[in-house]
Amino acid sequence: MEKWLEELQSLLPEERVLTSLADRHSYSFDASFGEHLPDAVVQVKENREVADVLKLANRYKVPVHPRGSGTCLSGGPLPVHGGIVLDMSQFPAIIDLSPRDLTVKVTPSVLTGNINKAAEKHGLMYAPDPSSAHVATIGGNLAESSGGPRGLKYGVTKDHVLGLEVVTPEGEIMKTGGQTIKNVTGIDLTKLIVGSEGTLGVIVGATLKLMPKPPAVQTIMVAFDEVRKAGEAISQTLTSGILPAKMEFMDQACIVAVENFQPVGLPVDAAAVIIIELDGHPETLRVERGLIEEIMEEMGAKEIIIPKSDEEAAKLWHARKQVSPAIAKIKPTKVSEDATVPRSKIPDFMDRLEIIKEKYGLDVVAFGHAGDGNLHPNILCDKRNVEEMKLVEQAVEDMFQAALDLGGTLSGEHGIGTMKAPFMELELGEVGLDMMKRIKDSWDPNGILNPGKVFPEKGQKLVLHHE
Amino acid sequence: MSSSLKERLNYDKTFDCVQCGYCLPACPTYETMEKETHSPRGRINLVKMVAEGKASVEDLKEPIEKCLGCMACTTVCPTNVQYGEIFVGAKRVIDEERPRRRRLVEDFFFQSFFPSTKWMNALGNVTWLYQKSGLQKVSQRFGLTKRAPLRIHEFESALPSMPGPRNRRARADRYVRKRPAAAKVGFFKGCVMDSVFFETNQNTVELLLRSGAEVVFPEAQTCCGALHAHTGKVDQSVELAKRNIEAFEEEGFDYIVNNAGGCGARLVEYAHLFDEGTEWHERAVRFVDRVRDISEVLVELDGLTFEKELAKTVTYQPSCHLRNVQKVTSEPLDLIRRIHGVELRELERPEFCCGSAGVYNITNYEEAMDILDVKMQDVCGTGAGGVVTSNPGCQLQMKLGVEREGLGMDAVHLVDLLMEADPRPKW
C-alpha cells in the first residue's frame with residue numbers, strides 16, 4: 001500500500017476512509033459523462049479533518065477532488081487524476097437562520113432545498129432553485145454557482161453569497177466576506193471562490209442572503225406556431241418593464257414527448273410554448289398579467305392559457321419538470337448543454353440549433369430558462385453507439401461556437417468542469433485564461449485541488465464516446 | 001446457464017439511469033449507511049461495472065445484499081429505471097456463486113419449506129406449542145432464546161398468539177352464500193401469513209364475507225415466490241408463479257385477494273416473468289388483472305359499517321411493497337378513517353421503510369435496526385398510541401420497534417383493527 005494512503009488511514013476513523021473497489025467505483029462518476037476511479041474516498045465531518053487531508057495531500061502531491069451529492073452536470077467532482085475523492089455529503093448539516101438579518105449560515109452538506117424550506121417558515125426565501133435542489137448540496141451549488149428557473153429575476157448562486165469559510169488548498173482555514181449586505185473591504189475573495197469549482201479551496205461554511213418571499217405567484221402559458229415568434233415575445237416582455245420570476249421555454253419535440261410520457265393537455269400542435277411565472281403582490285400581479293396578455297397577443301400568440309387554480313398551475317410546472325424524463329424516452333443518452341446567449345439573441349440561437357440538427361442528423365430538442373437566455377439544447381443519442389457519439393461531440397462544439405458568436409457564454413449555470421474545459425480559450429482568449437490560471441497556480445502551488453477541471457490540458461478535446 | 005452475464009445482470013436496463021441522484025433522498029440505506037455504495041444509483045452503477053468486467057460479482061455482493069428492495073427509489077426516479085429487475089438480476093447472479101453448504105440449507109427452505117402447506121402448518125403448530133406449553137416463558141426467563149441463531153429471540157416475543165391445530169384445521173376451504181354474492185373472491189392465503197398470522201387471515205375472510213363476498217381457498221395455491229425472487233432464486237419463483245396462476249384459473253374469480261403487502265407485490269408482477277406474446281404471459285396478465293389487496297376490495301365493495309367506537313390514536317405505516325409496487329396508498333387510510341373514535345396521525349415520512357423487508361431484518365439485523373431507529377423517531381413524533389400496518393413482516397418489525405423504545409404501544413394489522421371495530425354488513 002502506498003505510504004500516503006497508510007497515513008490517511010491513521011488520520012481518520014477507519015470507516016470513513018473507503019478503499020474497496022465497490023466504494024471507489026461508487027464515487028467515480030457524477031451526473032455528467034466520464035468515469036474515473038479514485039484511489040480512496042474520504043468522508044470528512046469537520047473542518048479540521050478537511051485541513052488535515054489537504055495538508056497530507058500537499059506533502060505527497062496527491063490530487064483531492066471535493067464532492068457533494070454528485071449531481072453535477074459538468075463533471076466538477078470527477079477524480080480525473082485519481083487520488084482522493086473528498087466526500088463532503090456526510091458533514092453535519094446545520095442551517096442557522098438569522099431572520100432579522102435576512103441571512104442564513106449553512107454547512108456544505110445541507111441540501112439546498114432545505115435552506116429554502118427553513119427560510120419559508122419565516123416568510124423568507126433562498127432564491128436560487130436548481131432543479132436538483134432536493135438532492136444537491138449547497139457546497140456543490142456554491143462551487144459550481146448553480147442556477148435554476150428563478151435565475152431570470154434573482155440570478156445564480158453567486159448573487160446570494162455574503163461570506164464563506166474555506167479550507168485553502170494548503171490546508172489552512174480562512175474566512176471571506178462577512179454577514180452584511182454591503183461589504184467592499186479589499187479584493188472580493190468570496191466572488192472569486194464561488195464558481196471556482198473546487199479549484200481554489202474547499203468550502204466548509206457559507207453565509208447566504210435571504211429575501212422576503214413574494215406573497216403571490218401567477219402562472220401564464222402561451223403557445224406559438226413559430227419558434228421565432230416565441231423568442232421575440234420573450235425579448236418583448238423583458239423590455240416592457242415587467243420582470244417575471246421565471247420564463248421557461250419548450251419546443252414542439254419536448255411538448256410531444258411530455259404528452260406521450262404523462263399527458264397533461266399541452267398544445268401538441270404548437271411549435272413552442274412559454275410558461276411564465278410572475279411573483280409579487282397580488283394587486284401588481286393582476287396588472288402585470290393583463291399587460292403580458294396584451295404583449296403576447298400583439299406578438300401573434302396562438303393561445304394564452306391562464307390556470308384557474310393553484311392545482312392547474314402546478315400541473316403546468318409539473319409538465320415542465322417532466323421534460324427531462326420524457327425526452328429520455330426518445331433515446332437513452334441525453335447530452336444536456338447550458339450555453340447561454342444575450343436575451344435578444346434567443347431567436348438567432350434557435351435558428352443556429354436548427355442548422356446544427358440538420359447538419360448532423362441528430363435528435364436535438366430545446367427547452368430551458370429562455371427568459372435569461374439560458375436554453376438547454378439536448379442531444380438525444382445512445383452512449384453505446386460510437387459513431388453517433390462522435391457526431392454528438394462535433395454538434396456540441398458547434399453549439400458552443402454558435403453561442404459565443406452571438407455574444408454568449410459556455411455555461412449559464414452548470415459550470416465548466418471537464419465537459420467545457422476544451423472550449424475555455426474560445427470564450428476567454430489566451431490572456432484571460434492565463435490570468436485565471438495564474439490565480440489558480442498561486443493559490444494551489446502543488447496543483448493538488450481538483451486538477452483537470454476548468455483549465456484545459458494541452459490538446460484536450462471533448463470526448464463523449466468509448467471505443 | 002446459457003445467457004451471458006450482461007444479459008443476466010440486465011446490463012441494457014442500467015443505461016436508463018442518468019445518474020441524476022434524485023433517488024438518494026428516498027433511499028433508507030443511503031441515509032443510514034451514509035455511502036453512495038448503498039444507494040440505488042451506486043448499486044446500478046456497480047451492476048454496470050460488473051457487467052463490463054470492471055468489478056467482480058464479489059464486489060457487488062454486499063451492496064446488493066444490503067438493499068432492502070423497498071423500491072422507494074422507483075417512485076422518485078425521473079427516468080423510470082426498472083430498479084426491481086436490475087436488483088433481482090443481480091441477486092440471481094450472486095446466488096449462482098454462493099457456497100455449496102449454504103446452498104443446501106437454503107434449498108431446503110426455498111424449495112421445500114415455504115412452498116409447502118404441510119411445513120407451514122407445522123411451523124404454526126410448533127409456534128402454538130411453544131407458546132402454550134409454557135416453554136416460551138421458561139426460555140425467555142432463562143435467556144435460552146438469546147442463544148438461538150439469527151437473533152430469533154428479538155422476534156419471537158413479537159409473534160402473535162397462535163390458535164391451536166384443531167382450530168386451524170377447522171377452517172373451511174369454501175364459504176358460499178345463499179343469496180347472490182357481491183363478488184367471488186379467491187383468497188391467496190400466503191405461506192407465513194397462513195401459519196404464523198392465521199388469525200389475521202381468518203379476520204380477512206370474515207371481513208370479505210360480511211362485505212357480501214364469497215370466499216374460496218384454491219387448494220393448489222402455493223408460496224408467491226417473493227422470498228425466492230429477492231434471494232436470487234428466479235427460476236424457482238417462476239415455477240411458483242405458474243402453479244399459482246393455474247390454481248386460480250380453476251374457477252372464475254372476480255378478485256384474487258391477499259393481505260400481505262410483500263406477497264401482493266409479487267403477485268402483481270407475475271406478468272413481467274414471462275415474455276410478451278407467450279401463452280403464459282397472457283395467463284399471467286389475466287391473473288394480475290384480478291389481484292387486489294384486501295383494503296382495495298373492502299373499499300370497492302363498500303359493504304361494511306363499523307359499529308364499535310374505538311378510542312385510539314394511531315399512525316399508519318404502509319408496507320413498502322403495497323405502496324411502492326402495488327401503488328395502493330389511499331385505501332388503507334380511508335378504511336382507518338371510517339372507524340369511529342380512531343384518530344389517525346400520519347407519519348412525516350410514511351414512504352421510509354421500517355427495515356423489515358422480507359427476511360432482511362433477520363439476515364441483516366444491525367442494518368435493519370438502524371433503519372428501524374429512524375422509523376421510530378417518526379412514529380414517536382406523531383404521538384400516536386398504536387401503529388397500523390398492512391403486511392405481517394412490517395407488523396413484527398414495528399412491534400419490535402415499540403418494544404425497543406419501551407413504548408406502551410402495539411402494532412396491528414389493518415385487518416385486525418377493522419375486526420375490532422365490529423364490522424357489520426351494510427345491507
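Within every chain, numbering begins at 1; the chains are lettered A, B, ... in the order of the sequence lines, protein sequences first and strands thereafter. It should be emphasised that the depicted structure is a prediction, and the values quoted were computed from it without experimental measurement.
Neither the backbone nor the side chain of A:L73 has a heavy atom closer than 4.5 Å to any heavy atom of chain B.
When each of A:P332, A:C72, A:G70, A:A328 is checked for heavy-atom pairs under 4.5 Å with chain B, A:G70 comes out on top.
Closest heavy-atom contact between B:G21 and A:V135: O-CG1, 3.0 Å. Across every non-hydrogen atom of A:A31 and B:C20, the tightest pair is CB-CA, 4.0 Å.
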What are the sub-3.5 Å donor-acceptor pairs between chain B and chain A, distances to 0.1 Å?
from	atom 1	to	atom 2	distance (Å)
B:D12	OD1	A:R384	NH1	2.5
B:Y22	OH	A:S131	O	3.2
B:E34	O	A:Q43	NE2	2.8
B:E34	OE1	A:K45	NZ	3.2
B:K35	NZ	A:D23	OD1	3.4
B:K35	NZ	A:D23	OD2	3.1
B:E36	N	A:Y27	OH	2.9
B:T37	OG1	A:D23	OD1	2.4
B:T37	OG1	A:S26	OG	3.3
B:R41	NH1	A:G70	O	2.8
B:R41	NH2	A:S69	O	2.6
B:N45	ND2	A:H25	O	3.2
B:K54	O	A:H25	NE2	3.4
B:K54	NZ	A:E35	OE2	3.0

